[in-house]
Visitor: 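One structure is given below, represented as structure tokens, and several questions about it will come after.
The structure presented is a predicted model; accordingly, all values stated were derived computationally and were not measured. In what follows, residues are counted from 1 in the order of the sequence shown.
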Amino acid sequence: SIIAIDDNSINYLKNHKGVSWPWTRDVYYPMLKFLNYSKAKAVVFDIDFFDLRDDEGEGQDLQFKEALKLNKNTFLTAKLKESEDFKEKKESETRIALNKNGIYHIDGLEEAKFRSYSHIQYPPQIFQSAVNGFGFTNITFDKDGSIRKYNLFNLYKNTIVPSLAMKVFSELTNVKD
């Protein structure tokens, strides 16, 4: 099952509960409790939690952290920041393996094709300690503004990093090498 944070849910909370977007962190607590109660296999947020918001109410960030810890398979998004350098080499078969930190190693890296990034933005440390992992959610648009592919991996300082989808897949299927 998917709990979607979409126009319908945003409008519902605004019209029926008086809660405008972006939601305060306390809005997520009952949702995370429900997912834990329902024994969700994973909880995946593909929205950004890059700032602290305790100014919205006493202890909201701490409450959100505790709610994130309810499910052992909770994942948050990270953002890769562009560098001027785009690494492109001929495509070939590659072997992908995970280490325990979720960083990927690919044999034949010099032959693979990846977009290169110079920085990764993670959520604040308080949330990092409460989740099982992170993955990037960057989307690359073609010159005409279309999206024709989604990279499952990208390059950060000569290290392969997974997309959020690939990170969740690898953790849930126990793919390690």
Visitor: To the nearest 0.5 Å, what is the distance between NE2 on H119 and NZ on K81?
Guide: 6.5 Å

Visitor: Has the side chain of T137 got a donor or acceptor atom that lies under 3.5 Å from a matching backbone atom of D46?
Guide: no

Visitor: Would the number of heavy atoms belonging to other residues, nucleotides or ligands and lying under 6.0 Å from CG of D142 be above 12?
Guide: yes

Visitor: Hey, is the main chain of L32 close enough, under 3.5 Å, to the side chain of N36 for a donor-acceptor pair?
Guide: no

Visitor: Going through the distances and angles, do F134 and V131 end up as a side-chain contact (heavy atoms from CB on, under 4.5 Å)?
Guide: CA-CA 8 Å; F134 310 91; V131 299; 3.7 Å; yes

Visitor: Return the minimal non-hydrogen interatomic distance between A4 and S9, and the atom names on each side.
Guide: O-OG, 3.1 Å

Visitor: Determine the interplanar angle of the F64 and F127 rings, folded into 0 to 90°, and report it as parallel if under 30°, tilted if 30 to 60°, perpendicular if over 60°.
Guide: perpendicular

Visitor: For side-chain contact (heavy atoms from CB on, under 4.5 Å), just list the numbers for Q60 and T24, CA-CA rounded to whole Å, side-chain angles, deciding distance to a tenth of an Å, and then say yes or no.
Guide: CA-CA 8 Å; Q60 280 199 26; T24 55; 3.4 Å; yes

Visitor: Working to the nearest 0.5 Å, report the span between CG of N154 and CG of L80.
Guide: 6.0 Å

Visitor: Does D48 reach the main-chain N or O of F50 with its side chain, forming a donor-acceptor pair under 3.5 Å?
Guide: no

Visitor: Keeping Q128 on the side-chain end and Y122 on the backbone end, is there a donor-acceptor pair under 3.5 Å?
Guide: no

Visitor: Output yes when a side-chain donor or acceptor of N151 lies under 3.5 Å from a complementary backbone atom of F153, and no otherwise.
Guide: no

Visitor: Specify the closest pair of heavy atoms between K65 and S129, including all atoms of both residues, with the distance to one decimal.
Guide: CE-OG, 3.7 Å

Visitor: Using the rule given for side-chain contact (heavy atoms from CB on, under 4.5 Å), can you reason through Q63 versus R25, listing the C-alpha separation, both sets of side-chain angles and the distance that settles it, and then say yes or no?
Guide: CA-CA 8 Å; Q63 184 184 38; R25 301 269 157 78; over 6 Å; no

Visitor: Does F34 CZ have over 12 foreign heavy atoms under 6.0 Å away?
Guide: no

Visitor: Nearest 0.5 Å please: distance from the OH atom of Y156 over to the CD1 atom of I120.
Guide: 5.0 Å

Visitor: Closest approach of S146 and D144, non-hydrogen atoms and distance?
Guide: N-OD1, 3.0 Å

Visitor: Considering non-hydrogen atoms only, spot the tightest contact between L172 and A42 and give its length.
Guide: CD1-CB, 3.8 Å

Visitor: Checking N132 against N73: is there a side-chain donor and acceptor pair closer than 3.5 Å?
Guide: yes

Visitor: Applying a strict under-4.5 Å side-chain criterion to I, L, V, M, F, W and Y, I'd like to know whether L70 and L35 cluster together.
Guide: no

Visitor: Search all heavy atoms of L164 against all heavy atoms of L76 and return the closest pair with its distance.
Guide: CD1-O, 3.5 Å

Visitor: Taking the six-membered ring for Trp, is the centroid-to-centroid distance between Y117 and F136 below 6.0 Å?
Guide: no

Visitor: Nearest 0.5 angstrom please: K33 NZ to N71 CG, how far?
Guide: 14.5 Å

Visitor: Rounded to the nearest 0.5 Å, how far apart are CG of D51 and CZ of F49?
Guide: 9.5 Å

Visitor: Picking from Y12, Y29, Y28, what satisfies ring pair (Phe, Tyr, Trp, His ring centres under 6.0 Å) with W23?
Guide: Y28

Visitor: Could you grab the distance from atom CD1 of I47 to atom CD1 of I5, nearest 0.5 Å is fine?
Guide: 4.0 Å

Visitor: So if you build clusters from Ile, Leu, Val, Met, Phe, Trp, Tyr with side-chain heavy-atom gaps below 4.5 Å, do V19 and F45 land together?
Guide: yes

Visitor: Is it true that R53 and D61 have a side-chain N and a carboxylate O under 4.0 angstrom from each other?
Guide: no

